[in-house]
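Notes follow the structure.
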Amino acid sequence: MAVGVGLLVVVLSIFNGFQKQVKESLWQGGPHITIENSYGSGAIYDYETVIAHLQSDPKLAESFVSVEGNITSHGLIQSNNNFNPIMIRAVPIDSIEKLVENGLPNFPRILQYNRDEISSINSKKMVVVGKEMSAIYGYGIGREITMAVPGGRFTVERGVQVNVQSFRLVGLFKTGYYNYDSKFVFLSLPQAQEFFKMKGAVNQIAIKVRSLDDLKLTKHRILSRLNEENWNQKIQDDTSWSVRTIAEEQENFLAALRLEKTIISIIVFLFIVLAALGMVATVHSLIRAKRRSIGTLKALGLASNDILLIFTLNAMIVGILSSLVGGMTGIFIATKLEVIINAISEIINGVGSLLNPGDWDPVELVPKDIYYFDHIPVDIDISFIFMVTTAATILSGLAGYFPARMAANLNPVDTIRND
């Protein structure tokens, strides 16, 4: 029982940590809610008026961290003689100090940058790319990067016009989400408007919210606000609003995480059930060994309910002690997991280098380049641990109840005579 509880605490703490880390990476990577125009070219020309209209609602204004226009589009980046698909995102950069100190809500955390050059990011053709993209394509700070984007409307005669320009790489960012860090290129909004030929316009309004638990409610309020009658007839005639949340964009991925956690929880919980079945056998063996004593006590007048209570409480006490020991052991292992895994890795590498000093490759039990975390994320949920220990105690009581019921129904005369 103690082993099952401890194992469940450790496994679920790791899964909670992984889910929390992944979600934080997703939330930091981009806007929580995006508003787009699905009418015509998709451009939103008078976007500042739209933002002001949204912020005039006190409830929406209170829930927003930031609201700003940006440009997000597919593009191509040149690597050697090939063009590879990427995502290009442009956001307003109102302060270089905020940019380098990671104070812009829709700009990811910058790891490295050229201070002298990045100060001109609004006026010159400069970009910031993900750390993983720089590693994939071999880009270093100061490198000239060539990108291509659609430069006009599609026509049958000319096809798709392409606009190709070169930009200087002045910084690297990291969100902790591999797909984001390997695909996105960031630049300033004025340069993107020139690059995409969208002077004075954007194709998205990006919103960061204070509480991710209220995304659906905030989305409905935004749609209601945008679809109000006659708040700005010109804008309403030229737009067809589409509102999307990050939870909807990543719905399949987040659902897979939840399903994975549920399956692992069920599998590990079966260890506790198996331990409870083992307790049934233990209590049954104890009752068989104490049959003569049980018969004597019943002959002296001890009630059947008292015997039932004695053995049931005995099983519950064992369950409580097992749950406490397993819970505390699980918490200790979870908090020291990285130290334990590193120690095991050192032992394996030490033994391996001694046995095969020439050809031994160091073993890393949790490869950071695969899981993309600087450390093993662990999130210990005390309420969950309390739920697990309570369930284990109840299962222990049930495991003791049925054999105890058999003991309570023993005939004292037959028991004393036969034993």
Side-chain angles (χ1 to χ4, degrees), residues 1-26 28 109 111-112 130-138 172-182 253-254 256-275 278 321-382 384-385 388-389 392:
M1 183 69 73
V3 174
V5 171
L7 183 62
L8 189 59
V9 170
V10 172
V11 170
L12 266 297
S13 296
I14 294 173
F15 265 92
N16 286 338
F18 269 87
Q19 285 192 352
K20 184 177 180 180
Q21 191 86 6
V22 169
K23 286 181 179 179
E24 286 181 355
S25 299
L26 286 174
Q28 292 172 5
R109 177 169 56 93
L111 288 181
Q112 303 173 26
K131 182 175 179 293
E132 295 301 324
M133 180 183 288
S134 72
I136 292 172
Y137 300 121
L172 305 177
F173 69 82
K174 180 178 180 181
T175 64
Y177 183 44
Y178 181 84
N179 288 338
Y180 203 91
D181 293 349
S182 62
F253 178 68
L254 295 176
L257 285 179
R258 289 193 297 268
L259 178 62
E260 189 177 37
K261 179 181 176 181
T262 301
I263 292 174
I264 292 296
S265 300
I266 293 172
I267 292 172
V268 178
F269 189 74
L270 290 177
F271 282 96
I272 298 178
V273 175
L274 183 62
L321 293 175
S322 298
S323 299
L324 291 175
V325 171
M328 289 188 292
T329 304
I331 291 173
F332 174 79
I333 293 175
T335 54
K336 302 294 182 181
L337 187 62
E338 190 157 11
V339 176
I340 294 171
I341 289 178
N342 289 337
I344 295 173
S345 298
E346 290 180 4
I347 293 172
I348 293 174
N349 290 327
V351 174
S353 60
L354 288 175
L355 297 177
N356 192 7
D359 299 326
W360 179 258
D361 292 327
V363 172
E364 191 175 3
L365 296 180
V366 184
K368 294 180 176 58
D369 56 342
I370 294 177
Y371 293 104
Y372 204 60
F373 296 135
D374 296 329
H375 61 282
I376 299 174
V378 174
D379 182 27
I380 299 173
D381 188 348
I382 299 300
F384 172 78
I385 294 173
V388 169
T389 53

Subject >> For Ser182 against Ile136, the heavy-atom pair lying closest together >> reply: CB-CD1, 3.8 Å
**OP:** Would you give the length of the straight line joining atom CG of Leu111 to atom OG1 of Thr175, rounded to the nearest 0.5 angstrom?
**Re:** 10.0 Å
**OP:** Quick one: pull up CD1 in Ile347 and CG in Asn342 and give me the separation to the nearest 0.5 Å.
**Re:** 11.0 Å
Original post:
Going from CG on Leu354 to CG on Asn349, what distance comes out if it is rounded to the nearest 0.5 angstrom?
Top reply: 11.0 Å
Subject >> From CD (Glu132) to CZ (Phe173), nearest 0.5 Å >> reply: 10.0 Å
Original post:
What are the two closest heavy atoms between Ile380 and Ala334, and how far apart are they?
Top reply: CD1-CB, 4.1 Å
**OP:** Check whether any side-chain N or O of Asp181 sits under 3.5 Å from a backbone N or O of Lys131 as a donor-acceptor pair, and report yes or no.
**Re:** no
**OP:** Taking all heavy atoms of Leu172 and all of Ser134, pick out the closest pair and write down the distance.
**Re:** CD2-CB, 3.7 Å
